[in-house]
There are 2 protein chains.
Amino acid sequence: MSHIPTQRRNEISIGTLSGRTGLAVSAIRYYETQGLVAPERNAGGQRRFLRSDIRRLSFVMIAQKFGFTLDRIREVLGRLPEKRTPTAADWTDISHDFRVELDAQIAALTRLRDKLDGCIGCGCLSLDRCALYNPDDAAGEKGAGPRYLLGDEVVKSDG
Amino acid sequence: MSHIPTQRRNEISIGTLSGRTGLAVSAIRYYETQGLVAPERNAGGQRRFLRSDIRRLSFVMIAQKFGFTLDRIREVLGRLPEKRTPTAADWTDISHDFRVELDAQIAALTRLRDKLDGCIGCGCLSLDRCALYNPDDAAGEKGAGPRYLLGDEVVKSDG
DNA sequence: ATAATTCCTAAACCTAACTTTAGCTCAAGT
DNA sequence: ACTTGAGCTAAAGTTAGGTTTAGGAATTAT
């Protein structure tokens with residue numbers, strides 16, 4: 001029992017992971033409950049993450065920027081190889097999937113905007129004939145709770 | 001006290017408004033608490049809306065499809081004339097404002113997507129050099145609670 | 001006149017994505 | 001050895017956008 005280090009080469013603490021990703025410690029714990037990371041525990045019961053979890057959580061953050069839910073992100077992460085540290089190629093693969101969904105979302109939003117243009121022209125903006133009323137575009141119903149398509153703030157290039 | 005009608009020509013009940021807009025009665029009441037409509041009350045304490053509230057709530061629904069929050073929608077509605085029923089031109093004006101914000105959002109999303117392309121190319125996808133890491137794009141921090149950019153589902157053209 | 005709707009309020013519940021708080025334990029530095 | 005900082009869990013709180021429930025009151029239909 002001399003000096004077995006608590007934090008070995010390839011294992012990092014939650015605080016270190018927080019520092020490297022910019023995520024709050026509480027957020028990382030929450031992500032664990034959501035199945036987005038699965039750290040081991042050391043003898044004292046503290047979480048020990050892999051270095052590759054830095055990249056994993058970074059991916060989560062980026063996907064969130066794109067508006068994907070944690071559920072969807074968990075699904076996509078499930079396509080990474082289990083018993084091997086993911087390679088750059090693995091990450092490229094799943095990023096490509098996101099790219100496809102993202103294109104679809106941009107297209108949907110653009111279609112909706114174009115319909116708005118039509119409605120600005122005709123001034124109807126409300127009743128049954130209005131193209132904006134056909135509910136086949138944009139977010140659909142999915143049980144209780146809120147549904148969003150876009151955030152609440154326009155992006156600013158600079159303050 | 002013979003026949004003073006409870007629901008006069010230009011006044012409609014919450015149920016009628018619900019039927020005309022497709023909104024749930026509970027949603028309309030909620031919108032009232034959020035300052036999106038301000039119905040009067042009849043002698044019995046029941047809400048009496050104006051016919052023009054049909055269009056008003058329709059506008060709310062459309063703006064929500066575009067992803068605007070109720071707060072933002074309330075702001076925009078505040079720019080309608082107070083003591084006069086809004087004309088088609090009034091609606092066109094505020095729709096045009098939305099159009100501008102919408103364009104900005106589409107552009108921001110497209111920029112973000114293009115950065116993802118760059119990252120697919122380089123395979124970095126995580127660390128400090130990554131363009132996706134610069135937090136100057138997409139939704140920023142705004143206190144506690146969730147922040148979203150895009151919804152959780154890709155639009156489907158058909159089931 | 002009475003039954004069936006519709007409407008009312010207040011409070012609780014729901015989801016997503018977290019944060020905060022309370023009360024302890026573990027690990028690190030001196 | 002001991003103090004401090006970091007970590008732990010469980011539970012409650014937060015925001016947005018509503019829905020659900022409970023228990024009455026007003027309207028409408030017959």
Side-chain angles (χ1 to χ4, degrees), chain A residues 1 3-8 11-19 22-36 39-49 57 60-61 63-65 67-74 139 141-153, chain B residues 3-8 11-19 21-36 39-49 57 60-61 63-65 67-74 139 141-153:
Chain A
M1 303 74 173
H3 32 206
I4 300 168
T6 297
Q7 187 165 328
R8 290 191 307 183
E11 296 178 339
I12 62 179
S13 69
I14 196 167
T16 304
L17 186 54
S18 169
L23 286 167
V25 166
S26 62
I28 298 176
R29 289 203 194 100
Y30 175 71
Y31 288 166
E32 184 185 359
T33 72
Q34 300 307 295
L36 295 169
E40 310 263 299
R41 299 297 177 118
N42 71 2
Q46 299 194 350
R47 292 171 181 80
R48 292 304 160 204
F49 296 85
L57 289 193
V60 171
M61 294 171 78
Q64 278 204 295
K65 267 197 188 177
F68 294 97
T69 62
L70 296 185
D71 271 11
R72 184 79 190 86
I73 296 171
R74 181 168 27 65
E141 305 285 327
K142 303 211 314 183
R147 299 135 229 153
Y148 304 89
L149 181 63
L150 273 179
D152 51 3
E153 202 177 49
Chain B
H3 32 207
I4 299 167
T6 298
Q7 187 166 328
R8 290 191 307 184
E11 296 178 337
I12 61 179
S13 70
I14 195 167
T16 304
L17 186 54
S18 169
T21 58
L23 285 167
V25 166
S26 63
I28 297 176
R29 290 204 194 98
Y30 175 70
Y31 288 166
E32 183 185 359
T33 72
Q34 301 307 295
L36 295 170
E40 310 262 296
R41 300 295 176 121
N42 71 2
Q46 298 194 352
R47 292 172 180 80
R48 292 305 160 205
F49 295 85
L57 290 192
V60 172
M61 294 172 78
Q64 277 202 294
K65 267 195 187 177
F68 294 97
T69 61
L70 296 185
D71 271 11
R72 185 79 190 87
I73 297 172
R74 181 168 26 63
E141 306 283 330
K142 303 210 314 181
R147 297 138 229 151
Y148 305 87
L149 181 62
L150 273 180
D152 50 3
E153 204 177 48

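A quick note: this is a predicted structure, and the numbers were derived from the prediction, not measured.
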Closest heavy-atom contact between [X] and [Y]?
X        : Y        : answer
Ser18(A) : Leu23(A) : OG-O, 2.6 Å
Tyr31(A) : Leu70(A) : CE2-CD1, 3.7 Å
Arg48(A) : Ser13(A) : NH1-CB, 3.1 Å
Ile28(B) : Phe49(B) : CG2-CZ, 3.7 Å

Which of these nucleotides, [options], is closest to any side-chain atom of [X]?
X        : options                   : result
Ala27(B) : dT9(C), dG18(D), dC7(C)   : dG18(D)
Tyr30(A) : dC18(C), dC7(C), dC8(D)   : dC18(C)
Arg29(B) : dC8(D), dA16(D), dC7(C)   : dC7(C)
Tyr31(B) : dC26(C), dA16(D), dG18(D) : dG18(D)

Distance below 4.0 Å between [X] side-chain N/O and [N] OP1 or OP2:
X        : N       : result
Ser26(B) : dT20(D) : no
Ser13(A) : dG7(D)  : yes
Arg41(B) : dT9(C)  : yes
Asn42(A) : dA27(C) : yes
Gln64(A) : dC18(C) : yes

In whole Å, I'd like the distance from the [atom1] atom of [X] to the [atom2] atom of [N].
X        : N       : atom1 : atom2 : answer
Arg72(B) : dG17(D) : CZ    : P     : 13 Å
Ile14(B) : dT6(C)  : CD1   : P     : 13 Å
Leu57(A) : dA17(C) : CG    : C1'   : 15 Å
Phe49(A) : dG7(D)  : CZ    : C1'   : 11 Å
Glu32(B) : dC7(C)  : CD    : P     : 14 Å
Ile73(B) : dG17(D) : CD1   : C1'   : 11 Å
Ile28(A) : dA6(D)  : CD1   : C1'   : 13 Å
Leu23(A) : dC18(C) : CG    : C1'   : 11 Å

(request) Take Ala24(A) and Gly45(B), find for each the nucleotide of DNA chain C with the closest heavy atom, and name the residue whose nucleotide sits nearer the 5' end. (result) Gly45(B)

(request) Under 4.0 Å between any heavy atoms, over every strand shown, what does Arg47(A) touch: base, sugar-phosphate, or nothing? Just pick one. (result) sugar-phosphate

(request) Return the 5'-most residue of the pair Leu70(B), Ala43(B) with respect to DNA chain D, ranking by each residue's nearest nucleotide. (result) Leu70(B)

(message) Rounded to the nearest 0.5 Å, what separates atom CZ in Arg41(B) from atom CZ in Arg47(B)?
(response) 4.0 Å

